[in-house]
Amino acid sequence: KLRVLSGMQPSGQLTLGNYIGALQNYVKLQHSHECYFMVVDLHAVTVPQDPAALKEQTEAVAALYLAAGIDPKQATVFLQSTVTAHAELGWLMTTLTYMGELERMTQFKDKSAGKESVGAGLFTYPSLMAADILLYNADLVPVGDDQKQHLELTRDLAQRFNGRYGETFTIPEPYIPEVGARIMSLDDASRKMSKSNPNAGSYIAMLDAPDVIRKKISRAVTDSGREVKFDPQNKPEVSNLISIYSQCAGKSISEIEAQYEGQGYGPFKKDLAEAVVAVLEPIQRRYAEIRGSGELYEVLRQGKEKAEVQANRVLRQVKEKMGFVVL
Ligand code: AQP
């Protein structure tokens with residue numbers, strides 16, 4: 001079986017973008033692949049986090065994995081910080097990474113833009129992400145479009161290590177969905193939907209109540225036209241909504257265009273909201289059950305144990321190859 005690894009940051013509430021771009025693919029892949037899905041809490045602290053909020057969000061992301069359909073019997077679900085090999089290999093990968101490579105990362109440029117001071121961890125984050133993936137010799141990494149560049153760097157680092165120290169790492173491939181890899185903000189179609197956006201109207205959180213979802217969609221920016229037409233260049237806002245609709249309702253883009261021909265945006269937005277609610281409501285119900293049941297920590301403990309076996313094996317190999325004394 002091919003091996004899959006991916007993760008999400010508990011840096012806010014998971015959004016519909018996280019779900020469509022990544023989480024729903026995790027759920028699909030678990031049946032055919034050996035999967036490791038983690039909550040990347042060490043990445044979340046690359047920007048300041050309130051400790052109580054971090055803990056709550058970490059539990060929420062893990063519970064949402066399960067609520068969305070990840071079965072801990074099929075896939076290993078764990079918290080990154082509980083498997084200490086991540087931090088260790090992360091450091092070793094940092095030493096292998098060139099400053100210029102990190103300077104080219106667009107996510108760093110976006111997240112540091114206009115800030116007076118940013119933590120060094122925000123800059124070196126891609127090296128830790130490489131470690132996350134390489135520790136499991138993952139073949140496939142399901143991610144949204146925004147992570148493509150980081151994954152390229154992971155591949156370069158794996159090749160560099162293998163070249164210098166001998167074949168060690170599998171070179172991972174990205175697994176990027178054709179539709180929905182980049183869901184845009186509801187208030188600005190030039191920016192991706194992001195859980196850390198301070199404007200809650202810009203995203204749909206997976207845990208938003210149905211009425212909140214309806215309100216956010218009715219307020220989503222469109223254009224002054226009235227044609228429901230997929231044309232990302234000229235109609236980025238409407239095209240984004242069509243992508244969301246297509247993913248949530250399982251309809252093709254041309255079906256949606258035909259369905260709303262000549263009707264304007266009103267009926268389209270109404271149905272879109274119901275399609276989103278239909279996807280998220282059952283997940284929210286399961287989420288409430290999971291948070292109430294107390295099973296989460298046990299799942300995460302077992303996940304940690306399984307992940308550790310694999311990660312420690314690779315870390316040991318790496319340290320031996322680099323010339324550390326391994327006792
Ligand atoms: N807008 C999006 N459309 C499709 N996929 C997306 N992903 C993120 N935003 C979108 C994918 O979700 C996974 C988890 O992302 P992450 O937690 O590692 O952080 P991120 O990529 O930086 O996502 P956010 O939501 O924008 O978080 P913050 O605001 O904390 O930076 C990844 O696979 C990502 O591609």
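Heads up: numbering here begins at 1 and tracks the sequence. Order of listing sets the numbers, starting from 1, for every ligand and every atom in it.
Between T94 and T124, the side chains place no donor N or O within less than 3.5 Å of an acceptor N or O (distance only, hydrogens not considered). A donor-acceptor contact closer than 3.5 angstrom links the side chains of Y297 and E59.
Checking only distances, D146 does come within under 3.5 Å of ligand 1, N or O to N or O. Among the atoms of I183, some N or O lies under 3.5 angstrom from an N or O of ligand 1. The N/O atoms of D145, backbone and side chain alike, include none that comes under 3.5 Å of an N/O atom in ligand 1.
Regarding atom 26 (O) of ligand 1, its nearest protein heavy-atom neighbour is S194 OG, 2.4 Å. If you check which protein heavy atom lies closest to atom 27 (O) of ligand 1, you get K195 NZ, 2.9 Å.
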>> Using the rule given for salt bridge (charged side-chain N to carboxylate O under 4.0 Å, His left out), can you reason through R301 versus E298, listing the C-alpha separation, both sets of side-chain angles and the distance that settles it, and then say yes or no?
In response: CA-CA 5 Å; R301 227 173 266 127; E298 192 42 41; 2.9 Å; yes
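Judged by the shortest distance from any of its heavy atoms, N18 lies inside the 4.0 Å radius around the atoms of ligand 1. At a 4.0 Å cut-off, at least one heavy atom of A181 sits close enough to ligand 1 to count as contact.
The environment of NZ in K109 is crowded: more than 12 heavy-atom neighbours from other residues, nucleotides or ligands sit within 6.0 Å. The local environment of CZ in R191 is sparse, with at most 12 non-hydrogen atoms from other residues, nucleotides or ligands closer than 6.0 Å.
The atoms of ligand 1 that sit less than 4.0 Å from any heavy atom of Q107 are 22 (O). Atoms of ligand 1 lying under 4.0 Å from any heavy atom of S11, numbered from 1 in the order shown and given with element: 28 (P), 30 (O). If you number the atoms of ligand 1 from 1 as listed, the ones under 4.0 Å from a heavy atom of V143 come out as 33 (O), 35 (O). For ligand 1, the atoms closer than 4.0 angstrom to any heavy atom of K111 are 22 (O), 28 (P), 30 (O), 31 (O). Short contacts between ligand 1 and A22, defined as distances under 4.0 Å to a heavy atom of the residue, involve ligand atoms 12 (O), 13 (C), 33 (O).
The only option from Q247, R182, M193 that meets the side chain to side chain contact (heavy atoms under 4.5 Å, CB included) definition with I20 turns out to be Q247.
The parts of S196 lying near ligand 1 are both backbone and side chain, judged by heavy-atom distances below 4.0 Å.
Under the 4.0 Å criterion applied to side-chain N and carboxylate O atoms, E261 and K229 are not assigned as salt-bridge partners. A salt bridge does not link E167 with K321: none of the charged nitrogens is closer than 4.0 Å to a carboxylate oxygen. Classification of E152 and R104 as a salt-bridged pair fails, no side-chain N sitting under 4.0 Å from a carboxylate O.
For atom 10 (C) of ligand 1, the nearest non-hydrogen atom from the set G144, P142, P177, G17 belongs to G17. Across K192, Q147, R182, heavy-atom proximity to atom 9 (N) of ligand 1 is greatest for K192.
Stacking of K269 on the aromatic ring of Y260 is not recorded, the 6.0 Å distance cut-off and the 45° axial limit not both being met.
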